[in-house]
Amino acid sequence: MTVGTIRATVLARVVRNLDARSGQADALLHEVGLNRSLISDDYSLVSLKSFARFFDRAAAELGDRWFGLRLGTEIRPVDLGPIGALMSNASTLSQGLDDLCHRIEALQSATAFSIHRRGAQTHLT
């Protein structure tokens, strides 16, 4: 079985937001077996399972079922490191999404992301 990972830059964004809103990031990190030192290097790898558990606990701590959506509106492509810069510099939205599909492993492993085009419709899976 493949163990999924995610870059620490994504965890750092959640930790900073939680720090600003509740100050409970360290306690929740500890609860799921993570610690703040992980976010000192944006390129370090974090267990995807632990990240998801932390993210869920953060939303519950804040009482915000839309936490992920709110956080997503604050993220700019450059916040995702080189993959975000690549997407930002694409000549079209289509090319940017294609770049993401082909290079998602640079940000998050054990993940599939694909685009299906049928006529005028585009579906992201």
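Values below: every heavy atom of this structure, side chains too, minus hydrogens, waters and symmetry copies. This one's a predicted model, so the numbers in the text were calculated from it and none came from an experiment.
- Between S114 and C101, the shortest heavy-atom distance links the atoms CA-SG, 3.7 Å.
- Hydrophobic clustering, with ILVMFWY side chains joined whenever heavy atoms are under 4.5 angstrom apart, keeps L71 apart from W66.
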- [ ] Could you give me the CA-CA distance, side-chain angles and deciding distance for L62 and S22, then say whether side chain to side chain contact (heavy atoms under 4.5 Å, CB included) is met?
- [x] CA-CA 7 Å; L62 297 170; S22 80; 3.8 Å; yes

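- Residues passing the ring-ring contact (aromatic ring centres under 6.0 Å, His included) test with F55 are F51, F67, sequence neighbours excluded.
- Pairing each heavy atom of A58 with each of V14, the nearest pair is CB-CG1, 4.4 Å.
- Here S44 pairs with nothing under the side chain to side chain donor-acceptor pair (under 3.5 Å) rule; sequence neighbours left out.
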Open item on the list: Applying side chain to side chain contact (heavy atoms under 4.5 Å, CB included) to L11 and V46, what does each step give before you reach the verdict?
Closed with: CA-CA 8 Å; L11 175 63; V46 176; 4.0 Å; yes

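- Listed by first and then second residue, the salt bridge (charged side-chain N to carboxylate O under 4.0 Å, His left out) pairs that reach into residues 116-125 are D98-R117, sequence neighbours excluded.
- For the side chain to side chain contact (heavy atoms under 4.5 Å, CB included) test with F113, the passing option among T125, L107, L100 is L100; the others fail.
- Partners of D42 under the salt bridge (charged side-chain N to carboxylate O under 4.0 Å, His left out) rule, at least two apart in sequence or in another chain, do not exist in this structure.
- Hydrophobic clustering (side-chain heavy atoms under 4.5 Å, transitive across Ile, Leu, Val, Met, Phe, Trp, Tyr) keeps I104 apart from L86.
- For the side-chain contact (heavy atoms from CB on, under 4.5 Å) test, residues two or more places apart in sequence or in another chain that qualify with D19 are V15, A25, R36.
- Contact annotation: the side chain of L45 never approaches that of I6 to less than 4.5 Å [non-hydrogen atoms, C-beta and beyond].
- Partners of S40 by side-chain contact (heavy atoms from CB on, under 4.5 Å), not counting sequence neighbours: none found.
- From I39, atom CD1 reaches atom OG1 of T9 across 9.5 Å, with rounding to the nearest 0.5 Å.
- With sequence neighbours left out, the side chain to side chain donor-acceptor pair (under 3.5 Å) criterion links T122 to no other residue.
- Taking both residues in full, the closest heavy atoms of G81 and Y43 are given as CA-OH, 4.4 Å, listed atom of the first, atom of the second, then distance.
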Open item on the list: Assess the residue pair R7 and L80 against the criterion (side chain to side chain contact (heavy atoms under 4.5 Å, CB included)); give the C-alpha distance rounded to whole Å, side-chain angles, the decisive distance to 0.1 Å, and a yes or no.
Closed with: CA-CA 9 Å; R7 296 286 176 190; L80 301 176; over 6 Å; no

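- Judged as a side-chain contact (heavy atoms from CB on, under 4.5 Å), and not counting sequence neighbours, the contacts of L97 are L93, I115, L124.
- Sorted by first and then second residue, the salt bridge (charged side-chain N to carboxylate O under 4.0 Å, His left out) pairs with a member in residues 75-84 read R13-D79, R76-D79; sequence neighbours excluded.
- The shortest non-hydrogen separation linking A90 to G96 is CB-N, 3.3 Å.
- Listed for the S109 side chain is no donor-acceptor partner under 3.5 Å among the backbone atoms of E105.
- Note on residues 3-40: no pairs pass ring-ring contact (aromatic ring centres under 6.0 Å, His included), not counting sequence neighbours.
- Taking CD of Q24 as the start and CG of L18 as the end, the distance is 7.5 Å to the nearest 0.5 Å.
- Applying the salt bridge (charged side-chain N to carboxylate O under 4.0 Å, His left out) test to every pair with at least one member in residues 52-71, sequence neighbours left out, gives these pairs: R21-D64, E31-R57, D64-R70.
- Here Q95 pairs with D99 under the side chain to side chain donor-acceptor pair (under 3.5 Å) rule; sequence neighbours left out.
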